[in-house]
Amino acid sequence: MTKKQFWQAASNWGFLVGAGLFAMNMIGWALKLEAANPWLYELLLFIVICPMIIYTGKRNARTAGPEGYSYGRAVGFVFAMMMFTGIVYGVGRFLMINFVGAEYYSPLIEEQANIFIRGFSSNEALFDAMIAKKEFIISLMKNPFLLIIGNIVDLVIKGGFLGLILCAFVYTKPDIFAQPTPAPEQKVDDKSGSEPSIRDASSSTEARQSPKGGAGKAEGDNIKEDEESGSE
């Protein structure tokens, strides 16, 4: 697998996994799982990610050829795939939080902001400053750029951790008994449509090596012709 094929496959499967996670997000929003049962919502996400890591790993191993599909390449593919997954899922989260499920996610976002602010309760001055900037913090949590970056980091960490475990079951070793790749065929002459012969090559070599002999022979033929015409 070349670098171009690697990134193309990682982006294709990453977008597919991201679409699957977005579908799970829609189900979680419809069933109100993210607020009532957050652990069940996370389980739904893992149900999508784990089978895709195993499937893509086995698929890449089948197409790797005799050189095999190493554990490092398998884990690297998971990290790359999760990066593209985070892009798609981040865009989906932005749409859900700001448009589709704005009423549902607004109290959840506010609660997350309160948890963040309470982390500064030990410093009274900083705690008061954070309370004053609560609306700004909530706006940052709804920012599309930060949502995409945050989901990329989150999924790369989660998916990468799963990849470290699951790729141990999908990687393959190189086939040491594989037949070597055959040598490329000799280039065909474009003009004649056939391979250049050894005789032609040797003739051209002799002609280049003995230019004087060829000239002397031509001069001898001219003298012989003059003698014959004089005798007539």
Side-chain angles (χ1 to χ4, degrees), residues 9-60 71 74-121 130 134-171:
S11 62
N12 292 339
W13 287 107
F15 285 127
L16 183 61
V17 177
L21 293 182
F22 179 65
M24 291 296 102
N25 194 176
M26 294 287 291
I27 294 174
W29 167 70
L31 300 177
K32 312 300 181 186
L33 290 177
E34 199 165 351
N37 296 296
W39 62 270
L40 183 58
Y41 176 74
E42 290 293 330
L43 181 61
L44 288 176
L45 300 185
F46 281 108
I47 289 175
V48 175
I49 295 175
C50 291
M52 293 304 298
I53 291 176
I54 296 175
Y55 175 77
T56 55
K58 289 186 176 181
R59 184 178 182 277
N60 291 338
Y71 177 79
V75 174
F77 183 84
V78 172
F79 276 101
M81 183 175 67
M82 287 296 106
M83 182 180 66
F84 291 103
T85 300
I87 295 174
V88 177
Y89 186 58
V91 173
R93 291 286 290 179
F94 167 73
L95 296 175
M96 292 296 299
I97 291 173
N98 290 277
F99 299 102
V100 180
E103 295 182 359
Y104 172 72
Y105 283 102
S106 291
L108 295 179
I109 296 296
E110 186 174 358
E111 180 61 25
Q112 291 176 3
N114 291 332
I115 294 173
F116 175 76
I117 293 172
R118 282 197 294 268
F120 299 91
S121 59
M130 287 295 174
K134 180 179 178 179
E135 294 299 326
F136 176 70
I137 294 172
I138 292 175
S139 66
L140 288 179
M141 297 176 76
K142 295 181 178 181
N143 183 276
F145 179 75
L146 294 179
L147 280 171
I148 292 173
I149 295 298
N151 279 281
I152 290 175
V153 174
D154 181 61
L155 286 172
V156 165
I157 293 174
K158 291 179 180 177
F161 176 75
L162 292 173
L164 291 173
I165 300 172
L166 298 177
C167 288
F169 303 98
V170 299
Y171 82 98

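Atom CG of L33 and atom CD of E42 lie 11.5 Å apart (nearest 0.5 Å). Here Y71 contributes atom OH and F169 contributes atom CZ; the two are 10.0 Å apart, rounded to the nearest 0.5 Å. Rounding to the nearest 0.5 angstrom, the gap separating the CD1 atom in I115 from the CD atom in Q112 is 7.0 Å. Atom CG of N114 is separated from atom CD1 of I137 by 9.5 Å, given to the nearest 0.5 angstrom. To the nearest 0.5 Å, the span separating CD1 on I47 from CG on L43 amounts to 4.5 Å. Going from atom CZ of F94 over to atom CG of N151 covers 12.5 Å, rounded to the nearest 0.5 Å.
Between S139 and F136, the shortest heavy-atom distance links the atoms OG-O, 2.5 Å. Here the closest heavy-atom approach between residue L140 and residue L146 is recorded as O-CD1, 3.4 Å. Residues S106 and A102 share a closest heavy-atom pair of OG-O, 2.6 Å. Smallest separation of non-hydrogen atoms from V170 and A74: CG2-CB, 4.5 Å. The minimum heavy-atom distance between I148 and I87, with the atom names listed, is CG2-CA, 4.1 Å. In plain terms, the two heavy atoms of I152 and M83 that are nearest each other are CG1-O, 3.8 Å.
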What verdict does the side chain to side chain contact (heavy atoms under 4.5 Å, CB included) test give for L45 and N25, after you've listed the backbone C-alpha separation in whole Å, the side-chain angles of each residue and the deciding distance to 0.1 Å? CA-CA 8 Å; L45 300 185; N25 194 176; 5.9 Å; no
Residues M82, K158; criterion side chain to side chain contact (heavy atoms under 4.5 Å, CB included); working and verdict: CA-CA 9 Å; M82 287 296 106; K158 291 179 180 177; over 6 Å; no
Under the criterion salt bridge (Lys or Arg N to Asp or Glu O under 4.0 Å), I'd like the reasoning laid out for E111 against R118: C-alpha separation, chi angles, the key distance, then a yes or no. CA-CA 11 Å; E111 180 61 25; R118 282 197 294 268; 3.6 Å; yes
I would like to know whether T85 and M52 meet side chain to side chain contact (heavy atoms under 4.5 Å, CB included); could you show each step before the answer? CA-CA 11 Å; T85 300; M52 293 304 298; over 6 Å; no
Using the rule given for side chain to side chain contact (heavy atoms under 4.5 Å, CB included), can you reason through F116 versus M141, listing the C-alpha separation, both sets of side-chain angles and the distance that settles it, and then say yes or no? CA-CA 11 Å; F116 175 76; M141 297 176 76; over 6 Å; no
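For K58, the NZ atom is loosely surrounded, since the number of other residues' heavy atoms within 6.0 Å does not exceed 12. Shown here is Y105, whose OH atom has more than 12 heavy atoms of other residues, nucleotides or ligands within 6.0 Å.
Between the side chain of N60 and the main chain of T56, a donor-acceptor pair closer than 3.5 Å is present. Checked by atom type and distance alone, the side chain of Y104 pairs as donor or acceptor with a backbone atom of A35 at under 3.5 Å.
Using a 4.5 Å heavy-atom threshold, the side chains of V78 and L162 count as separate. At least one side-chain heavy atom of L155 sits under 4.5 Å from a side-chain heavy atom of I49. When side chains are defined from C-beta on, I157 does not count as touching F79, because their heavy atoms never get closer than 4.5 Å. The shortest side-chain heavy-atom distance between P144 and V91 does not fall under the 4.5 Å cut-off. Between F22 and M96, the closest side-chain pair of non-hydrogen atoms falls below 4.5 Å. Under the 4.5 Å side-chain criterion, counting only non-hydrogen atoms from C-beta, W39 is in contact with N37.
A salt bridge links R93 with E34: the closest approach of a Lys/Arg side-chain nitrogen to an acidic carboxylate oxygen falls below 4.0 angstrom. Ion pair K32/E103 not flagged as a salt bridge, since none of the NZ, NE, NH1 or NH2 atoms sits closer than 4.0 Å to an Asp/Glu carboxylate oxygen.
Ring-centre distance between F77 and W13: not below the 6.0 Å cut-off.
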